[in-house]
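My questions all concern the structure below.
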Amino acid sequence: MTALTRILSTTAFKLAAIYLTSFSALSVFLFVFISQNTDDLMNKQVVQTVDAEIQGLAEQYAQNGINGLVVGVERRVRSPNSNLYLILDFAGNVITGNIAYLPEKVLSETDGRIQFVSYTPLGLPETDDNKAKAIVRIFELPGNFKLLVGRDLGDQVHLKSLLGDALTLWLVGMVVLAGITWFFLNRRILKRIDNLSMSSRQIMEGDLAGRLDVTGNNDEFDRLASNLNVMLDRIEHLMKGLKEVSDNIAHDLKTPLTRMRGRVEAALRRELTAKEGQECLEETLVETDELINTFNALLRIARVEAGSTGAQLIPLNLSDIVSDVCELYEPVAEDEGIAFTFEADCSAIIDGDRELLAQATVNLIENALKYGRPESEATQPTIKVALTTKDEHAILSVEDNGAGIAKADRERVCNRFVRLDSSRHAPGSGLGLSLIKAVVTLHHGQLQLTSAGKADDSESDEHSGLCARIVLPLKQGHQGEEEGSNAWDKAQKKNATS
């Protein structure tokens, strides 16, 4: 009963029942309409035939009397057709005709109106199986003679029977086909829905790696499953990111908080001079600011990844943004003894957010300033910033000659709070590349990390420095127009003029 109730409550069964009922009602209506109109038309034709026969017999009766009428009827009786004739004398005896039996009540109606009667054909015994239908007219002639002229309705009854059988066969066939269609459709739909429900239940129980089945038919279920799988991929990515953030916060922020707490406890256990107390507060304030900056960076990354920054992607020149950032960091690099160069041989028009792209450029340059120093102190550090276009993409690259990043670590280093052992001595929280990756993803671009001087990782040399590339799609219709001089030279000339 439970299985039957479940089947009867499915949408497939309800739709099949609605369609079956609708088509059955329409079929019955069409049968009644066709049958009724066909019957009326054939009745009119039969009446016309009977009237034509009456007209001919009336002419014979007028010319030759009752004897001529009898002769004419006998001649017509011998002709094989569906016409009916009967002549009775004043005593009700049959003079001639092709009707064996007709009810007395019918013979008493001699007004010539149309009558639908049952009769027994001549030569057959009077039984119910031998009775047939007919249309007749009966007239009373002088001398109390009676004349019956009619036509057998066997063909008409047979046609009705054929239409009835056709309707019955049609309805039975439609029910059978509807049942077969419903069975396979219901089975297929229920199976797909059960698979979706099972997969959803597994995912709700914590299996975030589970996905909905895609059969490859590209039907509505496949499109729904594909879209849901994309959503599940996004949810799994966000949940993994949340778990990693939680783990990294607990790991990376535990040390500065413990240090701050130890400093405060040490200050409370002994009496400090005003100078010592001020120094303790200043150190605590510095670490507090670092923690606040870390949380601000996490919040910014989360907002960028969620697309809730309110960023509006508008057409802008990436060369102007990068040249402004380089103009700010060129003096800093010079103070630290770093050879800083910037080249932009194109005007890269993209759809983007100025603030986020400037932040991503700043993070790339700061990473190069912090970690891009060569291992040999005799080698001068260099940072090369370049903006080019290729294959309808703008490519911003920041290249240094430091130790670089091993190929195995380049994907991992873009995660939150990931810091390589070689960079632990430098200040930072390990969120710079995570923010860059989030900004680039928001702009439908890519972040590529390769060895300096290499276009890809096919021949990686982790000690040749690092080249970080941001690849962004150019705005359609702007393929990078060549300029006579680079944007950095223009900025330098502008400063010299001012």
Side-chain angles (χ1 to χ4, degrees), residues 16-58 73 75-88 94 96-139 146-182:
I18 292 174
Y19 290 148
L20 180 60
T21 303
S22 301
F23 280 110
S24 298
L26 180 61
S27 300
V28 172
F29 170 77
L30 289 176
F31 168 77
V32 173
F33 178 80
I34 294 173
S35 177
Q36 186 66 40
N37 283 274
T38 303
D39 193 46
D40 292 342
L41 178 61
M42 294 185 70
N43 285 339
K44 290 180 181 179
Q45 292 177 346
V46 169
V47 170
Q48 291 175 359
T49 302
V50 171
D51 291 343
E53 288 294 315
I54 292 174
Q55 182 66 28
L57 292 175
V73 169
R75 185 171 59 252
R76 283 176 169 80
V77 167
R78 289 193 294 269
S79 301
N81 54 45
S82 298
N83 294 334
L84 301 176
Y85 307 95
L86 187 65
I87 298 178
L88 303 176
V94 177
T96 185
N98 55 2
I99 296 177
Y101 172 78
L102 198 66
E104 291 292 337
K105 183 179 179 181
V106 174
L107 294 174
S108 64
E109 301 289 340
T110 59
D111 55 359
R113 63 184 176 85
I114 288 293
Q115 298 184 62
F116 291 87
V117 300
S118 296
Y119 77 100
T120 301
L122 186 66
L124 296 177
E126 184 184 342
T127 61
D128 292 339
D129 293 338
N130 293 328
K131 287 184 178 181
K133 299 290 184 180
I135 287 181
V136 299
R137 287 183 188 271
I138 302 177
F139 302 91
K146 292 181 181 180
L147 171 65
L148 180 149
V149 180
R151 188 170 179 86
D152 184 81
L153 297 180
D155 293 340
Q156 192 169 345
V157 173
H158 183 63
L159 177 60
K160 275 190 174 182
S161 177
L162 289 178
L163 289 176
D165 294 341
L167 175 65
T168 303
L169 183 62
W170 165 256
L171 292 177
V172 172
M174 186 169 58
V175 171
V176 172
L177 290 177
I180 295 174
T181 303
W182 168 81

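One is the number of the first residue; the rest follow in order along the sequence.
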Sequence neighbours excluded - salt bridge (Lys or Arg N to Asp or Glu O under 4.0 Å) pairs with any residue from residues 156-180: D39-K160

What residue among L148, I138, L147 forms side-chain contact (heavy atoms from CB on, under 4.5 Å) with T110? I138

Taking all non-hydrogen atoms of both residues into account, name the closest pair between L124 and A100 and its distance. O-CB, 4.3 Å

Begin with the C-alpha distance, continue with both residues' side-chain angles, and end with the deciding distance and a verdict on side chain to side chain contact (heavy atoms under 4.5 Å, CB included) for T96 and Y85. CA-CA 8 Å; T96 185; Y85 307 95; over 6 Å; no

How far apart are the closest heavy atoms of V149 and L57, and which atoms are they? CG2-CD1, 3.7 Å

Between I114 and F116, the two heavy atoms sitting closest are CG2-CE1, 4.2 Å

Does atom CZ of F139 have more than 12 heavy-atom neighbours from other groups under 6.0 Å away? yes

Between I99 and L102 the two heavy atoms that sit nearest each other are CG2-CB, 4.3 Å

Quick one, N81 with R76, criterion side chain to side chain contact (heavy atoms under 4.5 Å, CB included). Give me CA distance, side-chain angles, the key distance, then yes/no. CA-CA 9 Å; N81 54 45; R76 283 176 169 80; 5.9 Å; no

I'd like to know whether CG of N130 has more than 12 heavy-atom contacts from other residues, nucleotides or ligands below 6.0 angstrom. yes

Please list, chain by chain and in numerical order, all residues satisfying salt bridge (charged side-chain N to carboxylate O under 4.0 Å, His left out) with R151, sequence neighbours excluded. none

Can you check side chain to side chain contact (heavy atoms under 4.5 Å, CB included) on M42 and L153, steps first, answer last? CA-CA 9 Å; M42 294 185 70; L153 297 180; over 6 Å; no

Keeping to residues at least two apart or across chains, list the side chain to side chain donor-acceptor pair (under 3.5 Å) pairs with something in residues 113-123. D111-R113, S118-K133, Y119-D152

